[in-house]
Protein chains: 2
Amino acid sequence: MSSSRATLIQVAERAGVSLASTSRALHGTGASSAMVERVRAAAAELGYSPDAIGRSLRMKRTFQVAFAVADIGNPVYVEMLTAIHEVLAPHGYRVVVMSTGHTVASTVDLVRSLGSGFVDGLIVSPLRTDDVLVEAIKEAPVPVVVIGRSLERQGIDSVSTDSTAGIGQAVAHLVEIGRRRIGFVNGPLDTTPGAARQRGFDAATSAPLFAGDHAETERADDFTVAAGLDAARRLLSRDPAAGPFDAVVAANDLLAIGVIRAAGELGLSVPRDVAVTGMDDTEIGRVFQPSLTSVSLGSSERGRAAAQLVLDRVGDVVGPAQQIAIGPHLAVRESTTPLVEPAETLPASKEKSAR
Amino acid sequence: MSSSRATLIQVAERAGVSLASTSRALHGTGASSAMVERVRAAAAELGYSPDAIGRSLRMKRTFQVAFAVADIGNPVYVEMLTAIHEVLAPHGYRVVVMSTGHTVASTVDLVRSLGSGFVDGLIVSPLRTDDVLVEAIKEAPVPVVVIGRSLERQGIDSVSTDSTAGIGQAVAHLVEIGRRRIGFVNGPLDTTPGAARQRGFDAATSAPLFAGDHAETERADDFTVAAGLDAARRLLSRDPAAGPFDAVVAANDLLAIGVIRAAGELGLSVPRDVAVTGMDDTEIGRVFQPSLTSVSLGSSERGRAAAQLVLDRVGDVVGPAQQIAIGPHLAVRESTTPLVEPAETLPASKEKSAR
DNA sequence: AGATCAACTGGAAACGTTTCCAGTTTCCGA
DNA sequence: TCGGAAACTGGAAACGTTTCCAGTTGATCT
């Protein structure tokens with residue numbers, strides 16, 4: 001750690017010119033080339049680098065954007081974070097990672113804390129939403145973009161996907177490959193994704209296409225492998241009158257892996273006896289054995305879109321609340337199809353289905 | 001977005017007291033209770049919340065710490081990030097995520113950028129290190145903690161682990177279960193971890209314990225599943241004179257998963273025909289089938305330790321460079337032992353061996 | 001009663017930067 | 001040669017906060 005940094009004032013003194021000119025010279029705005037030369041030299045000699053705080057105070061810009069989620073460790077959020085960082089960094093914006101906590105109240109606290117002005121914008125993906133939160137977001141002193149539910153009509157910029165339809169795609173695929181007795185392992189219903197996915201499953205299994213077939217739901221305590229394992233044990237041991245389940249739709253990839261493990265415990269082979277689908281299309285699902293058929297909700301794309309949106313807003317782009325929808329699409333892999341050539345399903349091959 | 005935020009000056013006016021008293025009242029330092037009451041009320045009426053930038057400028061503290069790695073998506077770094085955030089947030093510190101890029105030069109740029117003073121400290125885990133970087137870190141205007149190599153002797157605070165010894169533990173375990181022809185799938189040798197792990201494998205396989213047995217290395221282009229798959233294909237098809245490999249040590253969990261997939265392609269069963277060990281003890285390895293025996297390098301602990309260290313330093317704790325070492329330990333799971341009760345190996349059961 | 005002290009308050013400076021404004025020079029065309 | 005515009009420069013204010021310093025009050029002790 002060297003002693004202390006040089007300030008613009010010192011550069012000005014060294015160059016023997018005014019503070020104003022020094023600032024201008026370093027920004028290349030309206031300064032003679034002689035001046036620029038002189039100031040540059042002085043700055044270089046002193047190893048000057050501008051102070052972000054002083055600059056922020058004056059410009060009323062922090063060049064920081066916050067990204068807040070309940071659980072930074074979740075692979076989906078990691079993907080978003082990566083995408084957000086990739087979009088923002090080239091524009092000189094830093095990314096601050098924050099936690100929403102698991103309750104609506106703590107998320108509201110977070111949004112209110114934006115009042116202290118440490119970021120120019122916020123990208124948040126709340127697990128749960130209510131009116132208070134919506135109101136807090138609308139009152140926030142900086143632009144906020146929500147990833148998750150569509151909140152366009154509440155006047156909030158949002159990036160959403162249609163996980164309801166996504167579950168529909170998974171069910172349709174299972175029906176297509178001849179499965180007729182489908183179980184659903186969902187996470188908590190009081191979360192935004194949990195509720196949406198339940199609607200998707202209920203809708204898909206009450207559609208004409210599915211008529212005469214059998215469907216049941218089991219709920220996991222959580223969106224984790226362990227919870228999925230527990231729930232799947234309960235589900236698969238139910239053994240309904242219609243006959244054993246020949247497919248299970250899981251509400252995300254981690255739950256799906258729990259399901260596959262439970263199937264293994266019961267001596268069931270995946271996909272022969274039970275086909276399994278996940279959701280989110282995560283790395284972990286792609287490399288799993290069997291590799292996981294999964295509904296991609298475009299986490300990276302959603303992250304990118306949200307970052308772009310917040311970038312527009314902090315760049316003073318005004319206008320009505322935007323709503324960007326990323327369509328879900330199914331990536332079919334081993335867990336619903338007989339294994340042919342495992343190597344083809346690896347991430348390196350970057351399979352992408354059409355959106 | 002509401003109009004514009006209230007400032008301390010406005011609170012002071014509203015309360016009809018001086019700016020100084022207002023500040024003191026809100027901080028509870030040396031103000032009469034009447035004063036506190038009055039100012040609190042005014043602040044509440046105006047919905048005042050203190051401006052982080054103004055405060056930073058004056059206090060010369062940003063209450064931010066940066067965490068920089070090459071690849072934010074890597075599970076190991078995600079674990080560290082989570083741990084760092086958990087330690088720092090309760091102390092009122094925010095975490096800024098940054099990318100070191102993949103070269104030493106870009107990492108040096110990053111460290112130099114600390115000169116603009118947007119954070120109070122940095123935690124960095126560089127893939128590659130050289131003298132220029134060491135020098136840049138030493139000259140940095142804020143405390144820097146390096147996760148990775150031990151740099152105590154260079155006068156740099158660091159949190160390290162002994163992945164060399166860790167690989168030794170893996171080899172010892174394999175020998176113990178009777179494996180004699182051990183392959184090693186390593187990542188690039190010009191990275192800090194790659195080099196250390198190679199040393200570990202070479203040392204372990206030239207130790208007396210290993211005398212008479214067979215060892216060979218294959219190098220992957222990268223620390224990813226795809227690269228591991230490729231490398232393992234090459235390794236396992238070598239078929240040395242000493243007989244086929246009955247164990248493979250992989251330099252991290254992702255490579256290990258590639259190895260298991262390659263073994264599957266060749267009709268080899270894991271762990272019966274080939275035992276496989278990974279390193280880093282990631283979630284993905286824990287839930288994989290077969291669950292992965294892996295050398296834990298305590299990513300969370302390293303993150304926590306680094307965060308604590310940087311917290312001490314920004315809290316003006318002076319003293320000689322610290323070096324905190326986190327010992328590696330082996331978590332034995334299915335990939336090196338016959339499967340008994342898969343459920344026991346899930347993360348929910350939180351198995352932890354002694355350090 | 002006078003002096004000493006503690007408790008509290010307000011004025012003002014300081015942190016480092018950008019930018020408005022006014023002033024000076026230079027140059028060009030009439 | 002002169003007027004005016006253009007190009008450039010410097011002074012000073014402003015962003016919002018904390019804290020030093022000096023001053024005022026009220027109480028306690030001798």
Side-chain angles (χ1 to χ4, degrees), chain A residues 3-40 42-43 46-64 92 113-120 141-142, chain B residues 3-40 42-43 46-64 92 113-120 141-142:
Chain A
S3 51
S4 77
R5 298 159 27 209
T7 87
L8 194 60
I9 301 185
Q10 292 168 22
V11 176
E13 280 169 1
R14 176 105 179 189
V17 299
S18 80
L19 186 56
S21 299
T22 310
S23 177
R24 279 187 297 251
L26 292 178
H27 288 84
T29 60
S32 68
S33 52
M35 173 71 80
V36 170
E37 178 77 7
R38 233 176 133 164
V39 171
R40 282 251 178 84
L46 271 63
Y48 170 76
S49 75
D51 182 78
I53 300 300
R55 151 180 279 249
S56 287
L57 184 62
R58 174 64 221 230
M59 311 233 306
K60 294 174 160 299
R61 282 280 183 98
T62 62
F63 298 98
Q64 296 192 149
S113 79
L114 296 178
S116 47
F118 56 93
V119 288
D120 297 338
V142 297
Chain B
S3 51
S4 77
R5 297 159 29 208
T7 88
L8 194 60
I9 300 185
Q10 293 168 22
V11 176
E13 280 168 2
R14 176 107 181 186
V17 298
S18 80
L19 186 56
S21 298
T22 309
S23 176
R24 278 188 298 250
L26 292 178
H27 287 84
T29 59
S32 68
S33 51
M35 174 70 81
V36 169
E37 180 75 8
R38 230 175 135 164
V39 170
R40 283 250 178 86
L46 271 61
Y48 170 76
S49 75
D51 182 79
I53 300 299
R55 150 179 279 249
S56 287
L57 183 62
R58 173 64 221 230
M59 311 234 303
K60 293 173 158 301
R61 282 279 182 98
T62 62
F63 299 98
Q64 296 191 149
S113 79
L114 296 177
S116 46
F118 57 94
V119 288
D120 298 338
V142 298

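Side chains included, hydrogens not; waters and symmetry mates left out as well; all remaining heavy atoms used. Per chain, numbering begins at 1; letters A, B, ... match sequence-line order.
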Trainee: What is the distance, to the nearest angstrom, from the CG atom on L26(B) to the P atom on dT19(D)?
Mentor: 13 Å
Trainee: Rounded to whole angstroms, how far apart are CZ on R24(B) and C1' on dC20(D)?
Mentor: 10 Å
Trainee: Using whole Å, what does the distance between atom C1' of nucleotide dG11(C) and atom CD1 of I9(B) come to?
Mentor: 13 Å
Trainee: Between dG10(C) atom P and E13(B) atom CD, what is the distance in whole Å?
Mentor: 13 Å
Trainee: Judged by atom type as modelled, is there a donor-acceptor pair below 3.5 Å linking the side chain of S116(A) to the main-chain atoms of A52(B)?
Mentor: no
Trainee: Checking R14(A) side chain against A42(A) main chain: does a donor-acceptor pair fall under 3.5 Å?
Mentor: no
Trainee: Answer yes or no: is there a donor N or O on one side and an acceptor on the other, between the side chain of R38(B) and the main chain of A15(B), under 3.5 Å?
Mentor: yes
Trainee: Compare side-chain N and O positions of S21(B) against OP1 and OP2 of dT9(C) and report whether any pair is under 4.0 Å apart.
Mentor: no
Trainee: Taking the side chain as every heavy atom from C-beta outward, state whether F63(B) and R55(B) have any atom pair closer than 4.5 Å.
Mentor: yes
Trainee: In whole angstrom, give the distance that lies between atom OH of Y48(A) and atom P of dG16(C).
Mentor: 10 Å
Trainee: Find the distance D51(A):CG to dC15(D):C1' and express it as a whole number of Å.
Mentor: 13 Å
Trainee: Where the side chain of L8(A) is concerned, which of dG10(D), dT18(C), dG10(C) is the nearest nucleotide?
Mentor: dT18(C)
Trainee: Round to a whole Å and report the spacing from CG of L19(A) to P of dC8(D).
Mentor: 19 Å
Trainee: Between dT9(D) and S32(A), is there an OP1 or OP2 to side-chain N/O distance shorter than 4.0 Å?
Mentor: yes
Trainee: CZ/F118(B) to OG1/T62(A) distance, rounded to the nearest 0.5 angstrom?
Mentor: 12.0 Å
Trainee: Within less than 4.0 Å of OP1 or OP2 of dT17(C), is there a side-chain N or O belonging to S23(A)?
Mentor: no
Trainee: Could you state the atom-to-atom distance from CZ of R38(B) to P of dG10(C) in whole Å?
Mentor: 8 Å
Trainee: Any donor and acceptor pair, going by atom type alone, linking the side chain of S21(B) with main-chain N or O of V17(B) inside 3.5 Å?
Mentor: no
Trainee: Please list residues of residues 53-63 of chain A whose heavy atoms come under 4.0 Å from any atom in DNA chain C, ordered by number; otherwise none.
Mentor: G54(A), R55(A), L57(A), R58(A), M59(A)
Trainee: So does G115(A) get a backbone contact from the side chain of R5(B), meaning a donor-acceptor N/O pair under 3.5 Å?
Mentor: yes
